[in-house]
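In what follows, a structure is listed as structure tokens, so that the remarks can point back to it.
Model, not experiment: these values are computed from the prediction. Each ligand, and each atom within it, is numbered from 1 in the order the structure gives. Position 1 is the first residue of the sequence; numbering continues from there.
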Amino acid sequence: MAGEFLPFTRPSIDEETIAGVAEVLRSGWITSGPQVKAFEAALAAHCRGRPVRTLNSGTAALELALRIAGIGPGDEVITSPLTWVATSNVVLTVGARPVFVDVDPVTRNLDLDGVEAAITPRTKAVIPVDLAGLPVDRDRIYEIARRRGLRVVEDAAQSFGANWRGTPIGAAGDLVAFSFHANKNITTTEGGALVLNDAAEARLCEKLRLQGVTRSGEDGMDVDVLGYKFNLTDVAARIGLGQLTQLEAFTAGRRELARRYFERFDTTLGCELPVADFAQSNWHMFQVTLPLPRLAFDRAGFIRQMRERGVGVGVHYPAVHLFGLYRVMGWREGDFPHAERIGRSIVTLPLFPAMTVADVDRVCAAVSEVIRGGLS
Ligand SMILES: *Cc1c(COP(=O)(O)O)cnc(C)c1O
């Protein structure tokens, strides 16, 4: 029954990239250097000329975005509770207060009416999250931000390669954070990048990612701001360069697999499917909710039975405000019903460029079999 095990995701690193990495390793310069410069130039070209700086994670990109926007103690930052915990953790690490707003149950992204209603005089920024690579409505979020005087830090960790009305994510807007973690649409193993507004922000980003060091002062060097150790290595940047040349093919491949899911997924099972946005989404994930109230087993039981059939299933993500750290700060069950229900019932089905449509068919058949076996 089970064939070869199909994970929910797997990176595709080609031989050209592997050879390129070997060359970097032999070159004598392995940390931040010429490969980082070249990767940043290629990313800037993708972002239609906006300045881009690489970092050692998407989390670092989000944290530096908040620092560059001047956000700190006393400030409120609005974001989604249905995201990877990094999104709100960085609000806490810069000393500001996260303000969660429930998601739209169809897009699973921030409900923008809710964002508008949550703005107070202390609100300084909003962090929209493009969950699964489905872009948040950029026209509407920037209209709100302009009218209410807010900075926007786009958590585009999952939406590299997606677009809003034809404009690549990152090519427009305020501060845009990407992640190149192993599971993302392009990877550097670990890594990230921040798209900035101008040369001054780019210089501040360079300073903050390396201890706050600036080339000036009496000894040709000074530290005038508290920085971090967030730089990307040349080894990682070389992987990123190799990945970037395949971005279009990766996205096209993911889109084709997503189409197959919509063709083959049994819509009578009671699962909620993602928004079928074939023009804009980069199909970072294909996620469905389970009809848990009608099932004889829980999500863990579903995942176990899928594993038995040779299919890996992920969970992205339980609602952030119900994690212990956030509960002690006062959030509780019932605060954000859509995020909580989706967070409890969502599963990520396999979707990655090296998969075939036959794999999708196999996943759909396994899902049907498992769910039908649990329906009363
Ligand atoms: C992956 C991810 C991050 C963090 O990126 P890292 O590179 O793992 O630090 C932040 N937000 C979202 C939505 C993500 O998916």
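- One finds no salt bridge joining Glu201 and Arg50 here, because no Lys/Arg side-chain nitrogen approaches an Asp/Glu carboxylate oxygen to under 4.0 Å.
- Inter-residue side-chain proximity for Val320 and Thr83 is flagged as met; some heavy-atom pair is nearer than 4.5 Å.
- At least one donor-acceptor pair closer than 3.5 Å links the side chain of Thr187 to the backbone N or O of Phe180.
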Donor-acceptor pairs are to be reported for all side-chain atoms of residues 30-38 against protein atoms at under 3.5 Å, with residues two or more places apart or in another chain.
{"from": "Ser32", "atom 1": "OG", "to": "Asn231", "atom 2": "ND2", "distance (Å)": "2.8"}
{"from": "Ser32", "atom 1": "OG", "to": "Leu232", "atom 2": "O", "distance (Å)": "2.5"}

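- Applying the salt bridge (charged side-chain N to carboxylate O under 4.0 Å, His left out) rule to Arg332 yields no partners; only residues at least two apart in sequence or on another chain are considered.
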With the criterion set at N/O pairs under 3.5 Å, what does the list of contacts between the protein and ligand 1 look like, atom names and distances included?
{"from": "ligand 1", "atom 1": "5 (O)", "to": "Ser179", "atom 2": "OG", "distance (Å)": "3.3"}
{"from": "ligand 1", "atom 1": "7 (O)", "to": "Gly58", "atom 2": "N", "distance (Å)": "2.8"}
{"from": "ligand 1", "atom 1": "7 (O)", "to": "Ser179", "atom 2": "OG", "distance (Å)": "2.7"}
{"from": "ligand 1", "atom 1": "9 (O)", "to": "Gly58", "atom 2": "N", "distance (Å)": "3.3"}
{"from": "ligand 1", "atom 1": "9 (O)", "to": "Thr59", "atom 2": "N", "distance (Å)": "2.8"}
{"from": "ligand 1", "atom 1": "9 (O)", "to": "Thr59", "atom 2": "OG1", "distance (Å)": "2.5"}
{"from": "ligand 1", "atom 1": "11 (N)", "to": "Asp155", "atom 2": "OD1", "distance (Å)": "3.3"}
{"from": "ligand 1", "atom 1": "11 (N)", "to": "Asp155", "atom 2": "OD2", "distance (Å)": "2.8"}
{"from": "ligand 1", "atom 1": "15 (O)", "to": "Gln158", "atom 2": "NE2", "distance (Å)": "2.8"}
{"from": "ligand 1", "atom 1": "15 (O)", "to": "Lys184", "atom 2": "NZ", "distance (Å)": "3.2"}
{"from": "ligand 1", "atom 1": "15 (O)", "to": "Tyr317", "atom 2": "OH", "distance (Å)": "3.4"}

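- Listed by chain and number, the residues in a side-chain contact (heavy atoms from CB on, under 4.5 Å) with Thr245 amount to none (sequence neighbours excluded).
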